[in-house]
Amino acid sequence: MKSFTLLTLIAALCLAKEREDFNGISEYEIDGCQDPYVRINGVYHAKPRLSTIPAFLVYCDQKIEGGGWVVIHRRFDGSVDFTRNWNDYRNGFGDISGEFWLGLEKVHQLTRSANYELLVVIRDNAGKQRTARYGQFVVHSEFEKYRLHVESFMNGTAEDCMGRHNRMAFATVDRDDKYGCASKYASGWWFDNCYTANLNGFYKPGSGNSMSWHRQPDKRVGLQEARMMIRIVRNSVLRMDELITFIEGVPKKTIRAAASVAVAATELAVETGVAATKVAVSGSRAVTTIAETAVTELAEGVVIPAVEAVGQVATSAVNKVAVIAEEMAKK
């Protein structure tokens, strides 16, 4: 009897631990679900590096296809109504550990900070799971009506149904319903008169006019489950329309500071001779290193041609000063 009670207690503790892993909110503030602190499925505070809004909760999936996924949409039982207005779709709704829509503004803040890929996971009415993966996924700003950029269908057991919606603005029953699709299908989505995929439609598995992915075996049968997840693409290239924000401020100040120090060092070299020239050369190279480090830290490993170009211009300018100083030292 005691043995049975002990086993029951252990089982209860294990179950509690599993629930904690799933529902507990991490104290760490992360940039994305590939952060080193994110090791298990669960809810975390996210603050993307370029975000202009307060930190928000995200659910991280660490199990499917290598993990590191931010879940931005999840439906599996119909407990959350997806017939919502513009404000709801902008801000998000539902239960972050259950059915939910993360919110267009949050997804925009994530995808403006780095390049993301998209993984769609669907389960049909027969219980068959399929996936579709895209190499590029961006949700633009509210000013651009949260226009979708989704390209580079990579692989998966589900065919490409999002490609048709590329470059489409988001529409709801009360905003930008150009084709009448949001009203007709009672949902918010990137409609294109009307859709090949609509994961925000009515939850009616096995029925028509419902959450669907048209290129499944029976396109008229509503899905049982759907998830949309995004993940940072390592060594990615940010879009040019976001680079101005990314490099604004610190790099410019760093470059100006580097130039000022280099000029001052060169002027000092002219006045005081060879000894000071050697100091100028050393100082210029040190400034170059500082400038390069600042740009590298800002980029944090992301390969950004425009930022690299800024760094190269700064480096070239300072190195040129150093060469001039060295030539002066020889005279």
Side-chain angles (χ1 to χ4, degrees), residues 32-34 48 50 58 61 64-66 68-75 82 86 89-90 92 100-122 130-172 175-179 181-182 185 187-201 211-216 219 223 225-243 302:
C33 288
Q34 289 170 307
L50 295 183
V58 296
D61 189 309
I64 192 167
E65 297 205 15
W69 299 99
V70 177
V71 182
I72 63 173
H73 163 282
R74 188 182 186 207
R75 302 183 74 185
F82 273 65
W86 181 269
Y89 272 102
R90 177 185 62 204
F100 69 94
W101 172 263
L102 183 61
L104 291 163
E105 185 59 34
K106 298 182 183 76
V107 177
H108 166 62
Q109 296 294 337
L110 285 163
T111 59
R112 75 189 292 264
S113 296
N115 249 20
Y116 275 81
E117 60 180 318
L118 169 70
L119 178 66
V120 177
V121 181
I122 59 173
R130 295 181 174 85
T131 63
R133 188 172 169 185
Y134 298 82
Q136 299 177 41
F137 179 81
V138 181
V139 171
H140 292 275
S141 68
E142 185 171 21
F143 178 78
E144 298 180 76
K145 302 177 182 178
Y146 295 119
R147 181 169 52 87
L148 176 66
H149 176 92
V150 57
E151 290 185 332
S152 304
F153 178 74
M154 298 169 65
N155 54 52
T157 50
E159 294 186 52
D160 173 21
C161 285
M162 291 295 289
R164 173 178 172 178
H165 302 278
N166 186 37
R167 303 183 185 281
M168 291 297 104
F170 201 83
T172 58
R175 181 79 68 86
D176 300 311
D177 194 9
K178 178 179 178 181
Y179 302 107
C181 300
Y185 296 104
S187 57
W189 192 249
W190 298 278
F191 291 110
D192 176 30
N193 195 26
C194 278
Y195 65 84
T196 49
N198 178 13
L199 301 182
N200 290 339
M211 178 174 71
S212 61
W213 189 268
H214 268 194
R215 291 176 182 170
Q216 59 175 323
K219 68 180 183 180
L223 297 171
E225 182 179 343
R227 282 174 288 164
M228 297 175 69
M229 300 179 281
I230 60 175
R231 179 172 66 185
I232 294 175
V233 179
R234 295 191 182 279
N235 298 324
S236 60
V237 179
L238 285 182
R239 300 166 309 285
M240 291 301 296
D241 61 343
E242 302 293 7
L243 285 173
V302 180

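Position 1 is the first residue of the sequence; numbering continues from there. The figures here come from the full heavy-atom set of this structure, side chains too, leaving out hydrogens, waters and symmetry mates.
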message: Restricting to non-hydrogen atoms, name the atom on Glu65 and the atom on Arg133 that form the minimum distance, rounded to 0.1 Å.
response: OE1-NH1, 3.3 Å
field: Distance-minimising heavy-atom pair for Cys33 and Val70
entry: SG-CG2, 3.4 Å
message: How close do Ala132 and Phe153 get, counting heavy atoms only, and between which atoms?
response: CB-CE1, 3.8 Å
- request: Please name all residues satisfying salt bridge (Lys or Arg N to Asp or Glu O under 4.0 Å) with Asp176, sequence neighbours left out, ordered by chain then number.
  value: Lys145
- request: Would you please name every residue forming a side-chain contact (heavy atoms from CB on, under 4.5 Å) with Arg90, sequence neighbours left out?
  value: Trp86, Asn87, Glu105, Glu142, Tyr146
query: About how many Å separate OG1 of Thr196 and CD of Glu159, when rounded to the nearest 0.5 Å?
result: 11.0 Å
message: Could you measure the distance from the NZ atom of Lys178 to the CG atom of Asp192? Nearest 0.5 Å is fine.
response: 9.0 Å
field: Student check: side-chain heavy atoms of Phe137 and Val107 closer than 4.5 Å
entry: yes
message: How close do Trp213 and Ala158 get, counting heavy atoms only, and between which atoms?
response: NE1-CB, 3.8 Å
- prompt: Taking the inter-plane angle between the rings of His214 and Tyr195 on a 0 to 90° scale, is it parallel (under 30°), tilted (30 to 60°) or perpendicular (over 60°)?
  reply: tilted
- prompt: How many angstroms lie between atom OG1 of Thr172 and atom CG of Asp177, to the nearest 0.5 angstrom?
  reply: 7.5 Å
query: Can you list the residues that meet the side chain to side chain donor-acceptor pair (under 3.5 Å) rule with Arg231, with sequence neighbours excluded?
result: Glu117
query: Roughly how far, to the nearest 0.5 Å, is CG of Asp61 from CE of Met229?
result: 5.0 Å
message: Apply side chain to side chain donor-acceptor pair (under 3.5 Å) to residues Asn200 and Tyr185 and explain how you reach the verdict.
response: CA-CA 9 Å; Asn200 290 339; Tyr185 296 104; over 6 Å; no
Taking every non-hydrogen atom, the tightest pair across Tyr134 and Met162: OH-N, 3.2 Å
- prompt: Got a donor-acceptor contact below 3.5 angstrom from the Trp69 side chain to the Ile64 backbone?
  reply: yes
Minimum heavy-atom distance Thr111-Val139, with the two atoms named: OG1-N, 3.2 Å
Partners passing side-chain contact (heavy atoms from CB on, under 4.5 Å) against Phe100 (at least two apart in sequence or in another chain): Tyr59, Val71, Arg74, Ile96, Leu102
message: For the CE atom of Met154 and the OG1 atom of Thr131, what is their distance to the nearest 0.5 Å?
response: 11.0 Å
- prompt: With Ser141, which residues qualify under side-chain contact (heavy atoms from CB on, under 4.5 Å), at least two apart?
  reply: His108, Phe143, Glu144
- request: Sequence neighbours left out, what passes side-chain contact (heavy atoms from CB on, under 4.5 Å) with Asn166? Give chain and number order.
  value: His149, Val150, Glu151
query: When the ring planes of Tyr89 and Phe170 are compared, do they come out parallel, tilted or perpendicular, using 30° and 60° as the limits?
result: tilted
- prompt: Measuring from Trp190:CH2 to His165:NE2, what's the distance to the nearest 0.5 Å?
  reply: 10.0 Å
message: One pair to check against side chain to side chain contact (heavy atoms under 4.5 Å, CB included): Leu199 and Val120. What are the steps and the verdict?
response: CA-CA 10 Å; Leu199 301 182; Val120 177; 3.9 Å; yes
- prompt: Between the main-chain N or O of Gln136 and the side-chain N or O of Ser152, is there a donor-acceptor pair closer than 3.5 Å?
  reply: no
